[in-house]
Amino acid sequence: MNALVQKKAQVEQVQVSEDDQYLTFSLAGEMFGVGIMSIKEIIEYGSITSVPLMPGFVRGVINLRGRVVPVIDLQARFGRPSSPVEKRTCIVIVEVAGVEDALDIGVVVDAVSEVMAIPASDIEKAPSFGAKLRQDFLRGMGKVDGKFVILLDISQVLSVEELSGLVGHLDEVQAAD
Amino acid sequence: MSLDDAFQAFVIESSELLQDMEDHLLAFSSATSPEESINCIFRAAHTIKETAGLFGIHGVVGFTHVVESVLQRVREGSLPMTDALISLILECKDYISRQIGAIQDDVVIMDDGMIATEKGLFDQLCRYMKPGDDTSGVCCSIETEASAGAEESQPAGAQPAEKVRDAALGNPTIEAKDDAQMENENWHISVQFSEDVLRQGMDPAAFLRYLNTIGKIQHIVTHFERIPKADEMDPESCYIGYEINFKTEADKSTIEGVFEFVRDDCQLRIIPPHARASDFITAIQQVESAGHLKLGEILVQCGSLTSAELKRLLGLQKKLNEGGEKARLGELVVQDQSAHPEVVQAALHRQEQNKHTQVKTNQTLRVDAVKLDHLINLVGELVIAGAGIESGAKELGNSRLLEASLTMARLIEEVRDSSLRLRMVQIGETFNRFQRVVRDISKDLGKQIELEINGRETELDKSVIEKIGDPLTHLVRNAMDHGIEPPEVRRERGKSEIGMVGLNAYHESGSIVIEVSDDGGGLNQKRIFEKAVEKGLVAADAVLTPQQIYQMIFEAGFSTAATVSNISGRGVGMDVVRRNIESLRGSIEIDSEEGIGTKIKVRLPLTLAIIDGFMIGVDESCYVLPLDVVEQCRELSELEQAQCRKNNYINLDGAVLPLIRLRDFFEHHGPAPKRENIVVVKHGARKTGFVVDHLLGELQTVIKPMGPIFGRMRGISGSTILGSGDVALILDTASLVERAVVKESSVVTSRRLACP
């Protein structure tokens with residue numbers, strides 16, 4: 001009985017702090033974090049079908065249990081050179097709000113490290129410059145063991161509206177070239 | 001069925017009835033039997049009123065009642081169905097549908113606009129009512145209702161309407177002739193007892209006493225004629241009979257029941273009162289599913305004939321038939337005076353009517369679209385899984401497994417085809433809606449325009465039909481506003497004053513073509529071109545084909561209309577049309593001749609779910625082309641290969657074939673194979689060659705949507721999952737070709753601009 005109560009308390013604790021939990025991963029040596037609530041799963045990198053005539057940040061599409069899911073290269077999205085595919089490279093499936101309903105998008109990361117709790121008190125406002133990232137992509141800087149983790153606002157990074165706009169725009173530009 | 005479900009059913013049924021009403025109204029002028037049309041319209045209004053009454057939705061009942069009253073006058077022939085009246089009833093129909101849409105908790109929530117509309121419509125309707133008819137009463141009730149919300153008692157005009165309703169339910173020609181005949185208000189019972197009745201312990205007088213318990217004997221005549229002379233008479237025998245005029249509320253079988261004990265020992269004939277004939281007719285109308293019932297059964301069910309009578313008459317019929325006479329039960333019933341001729345006729349009519357509806361109901365089955373979509377999705381998964389098994393079997397090389405997988409593949413294909421066919425809907429219904437559009441708009445425009453519809457029975461996927469409505473409406477509106485000239489101009493040009501707008505649909509090489517045509521002024525190439533230059537869409541010195549010029553009208557904000565009407569001319573719309581059509585993997589072609597007319601061809605895929613594809617390989621990637629656009633494929637000869645590296649065209653059977661090298665076009669940088677292949681794709685009249693690395697053969701593919709991120713991408717229409725689990729992209733050849741054309745022409749223009 002006692003154990004049960006304890007377990008329940010634990011569960012509650014987890015639930016309460018879920019908002020403060022982040023999946024951290026590395027991209028070209030830098031640590032990034034994304035709120036755990038929007039992470040669906042992490043899969044091995046492999047068999048991506050590339051889509052021609054696409055902007056660079058669209059790595060391609062994968063078959064996720066019968067559904068076709070786009071895969072975004074975060075590095076390219078940040079305007080940086082893509083990292084080479086290595087053994088620890090994987091695809092994180094993220095759920096973002098689409099035009100009509102939620103939508104799964106895969107993002108390529110160099111390596112997934114861990115899920116960590118970063119309480120709001122340990123999160124600093126993002127610097128107005130220096131991170132070399134668009135301001136609206138950032139949710140803040142998390143402090144963990146004296147190091148910084150860049151916490152991403154994934155709904156901005158993977159904004160469906162913006163991505164589709166870029167795809168459409170490139171389409172027109174290429175056609176006009 | 002809960003009340004909510006029932007209400008949903010009411011909403012669906014009403015919308016169908018209203019649609020029916022509209023169809024009949026629009027087709028009224030050309031209807032072969034206007035009486036039948038007006039009956040249908042009346043019935044629709046009536047059914048809505050009745051059902052709304054069941055739910056206590058007084059707003060709908062009150063308004064529909066007035067409409068019904070006016071329609072009743074038309075049915076009676078005391079009011080002609082003029083064009084103006086048709087328009088008014090159409091508006092009323094729209095209003096009723098608005099009312100139903102605005103129902104919340106059994107009350108029609110009316111906003112000010114609706115109250116005003118109702119008032120306006122009502123005033124107009126009043127004009128068609130008989131003077132001194134129930135208008136004033138209803139008028140009051142409507143007004144109080146509009147102001148007080150929903151509280152309303154039975155409309156004052158209900159009394160006459162009740163009678164109307166009885167007649168409305170059936171064929172109006174079958175009506176009780178003389179409800180008012182007073183002497184016939186009572187039943188007539190004629191009974192002749194057999195001689196043995198007394199011996200069996202029955203007392204004829206007892207029956208009379210008993211009859212008085214269920215009604216009142218108004219008059220009685222005793223038959224003495226059979227009583228023999230005193231010396232021959234047997235006092236133990238009964239020789240008498242009665243003719244009884246009997247007043248009762250009881251039905252025929254109850255009366256017959258009185259005589260049950262002597263049923264075999266007497267001749268009994270019960271003639272229903274004339275006044276009841278209309279009741280029987282009403283009862284007959286209410287007999288459910290009479291189609292499979294025999295005439296006799298219908299009559300028994302409505303109480304006009306008792307089962308005993310039926311049995312006797314059937315026996316008689318059999319006897320007569322055996323004797324070589326052809327006797328119909330209905331005739332016998334009438335001869336026997338068991339039932340009124342009108343009643344029998346009504347029953348016959350009902351039987352006929354139900355046979356018709358029975359055929360109809362057998363033909364269709366209402367299925368929830370969600371269930372159907374789920375089925376189609378599952379079939380889609382099945383196709384993919386099947387392909388996986390097939391490729392696995394091939395790898396293993398097990399011949400038995402391979403054979404089994406082939407059998408399964410064939411079955412899956414059949415399952416796929418038939419489940420897709422479930423979603424196929426005839427386009428006719430969509431087309432018919434345009435009758436109204438054309439009618440309304442031509443009125444607004446002050447033009448006389450007729451709509452000609454062909455190819456109604458052409459089928460296409462429901463999902464396509466749902467999305468095609470808006471673009472088609474736009475095209476039709478445009479044709480009417482910009483295409484058809486005003487009557488004066490038409491007269492000058494020697495055309496009939498009545499303009500024609502045509503809708504046509506047909507299948508062509510795996511896709512469906514929907515044509516919107518008009519016999520108007522046609523497109524003015526010069527004006528379009530000038531406008532395009534003015535808008536900066538093309539260079540002033542560009543040389544464009546007529547087709548390219550016509551395509552300009554689909555550019556955003558493009559309009560050559562001098563004036564902007566509320567129908568079209570704002571320049572928004574045509575670009576939306578094009579986008580909508582393209583999102584359906586369709587394309588638009590325009591044929592136009594100045595002064596003669598314009599024809600817009602919309603080409604659409606039959607279904608959005610599955611296509612037969614042709615797989616090609618470029619570098620490491622696989623792509624799928626829709627099979628129905630592939631005309632031929634072969635290896636490129638070395639000569640051709642050399643030629644096509646220099647210029648992007650080759651000579652195919654004596655004609656120039658422009659080429660698109662997918663390897664370059666898609667920027668694949670892997671090493672090219674020694675030999676390349678070509679796939680010739682036909683789109684409309686245009687042929688294009690796609691140069692690819694490998695030809696990988698046919699396959700069935702389930703189209704998987706690419707998601708909103710790729711929503712604005714052109715050139716790739718979707719994706720599919722191969723048996724191996726890899727994703728292959730489905731190419732939209734038409735937009736690829738278009739893209740190539742734009743690319744090349746922009747290169748040419750920029751070169752020209754660079755060195756003027």
Side-chain angles (χ1 to χ4, degrees), chain A residues 43-44 46-73 76-77 91 93-107 155 157-177, chain B residues 377-378 380-385 388 579 618-624 662-670 702-716 718-732 735-736 738-747 749-750:
Chain A
I43 56 170
E44 210 181 328
S47 67
I48 291 187
T49 304
S50 67
V51 181
L53 313 171
M54 279 294 111
F57 63 80
V58 179
R59 195 56 88 80
V61 287
I62 53 165
N63 166 16
L64 186 69
R65 289 186 298 278
R67 281 175 309 131
V68 174
V69 173
V71 177
I72 303 294
D73 184 337
R77 175 76 174 124
I91 298 171
I93 307 293
V94 183
E95 190 181 79
V96 292
V99 184
E100 271 157 28
D101 38 21
L103 175 81
D104 290 349
I105 296 178
V107 291
S155 63
V157 176
L158 301 179
S159 153
V160 173
E161 210 173 308
E162 193 180 321
L163 294 184
S164 67
L166 285 170
V167 167
H169 177 70
L170 186 96
D171 210 62
E172 280 153 30
V173 170
Q174 275 184 349
D177 271 350
Chain B
N377 279 342
L378 282 179
E381 298 297 321
L382 191 64
V383 171
I384 291 171
R579 209 170 323 133
V618 179
D619 209 9
E620 298 284 291
S621 305
C622 291
Y623 297 99
V624 177
L662 277 188
R663 166 172 286 279
D664 300 341
F665 204 71
F666 287 167
E667 294 161 3
H668 282 290
H669 303 297
V702 181
I703 301 175
K704 294 270 175 185
M706 295 280 278
I709 287 194
F710 301 105
R712 289 174 58 185
M713 172 181 64
R714 284 160 56 195
I716 289 164
S719 60
T720 183
I721 295 172
L722 301 176
S724 63
D726 287 340
V727 181
L729 301 172
I730 301 169
L731 303 183
D732 176 1
S735 53
L736 277 178
E738 203 179 296
R739 205 174 164 134
V741 171
V742 174
K743 202 170 173 178
E744 193 157 310
S745 67
S746 68
V747 168
T749 336
S750 60

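Quick note on labels: first sequence line is chain A, next is B, and so on, each numbered from 1.
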Atom NE2 in His668(B), atom OG in Ser50(A): separation rounded to 0.5 Å? 5.5 Å

Please identify, among Leu729(B), Ile716(B), Val741(B), the residue contributing the most non-hydrogen atom pairs under 4.5 Å to chain A. Leu729(B)

Contact origin within Ile105(A) toward chain B - heavy atom pairs under 4.5 Å: side chain

To the nearest 0.5 Å, what is the distance between CD1 on Ile709(B) and CG on Leu158(A)? 7.0 Å

Heavy-atom closest contact (Leu53(A) atom, Phe665(B) atom, distance): CD2-O, 3.4 Å

Say you draw a straight line from CE of Met706(B) to OG of Ser164(A); how long is it, rounded to the nearest 0.5 Å? 13.0 Å

So among Val51(A), Val68(A), Asn63(A), which one has a side-chain contact (heavy atoms from CB on, under 4.5 Å) with Ser719(B)? Val68(A)

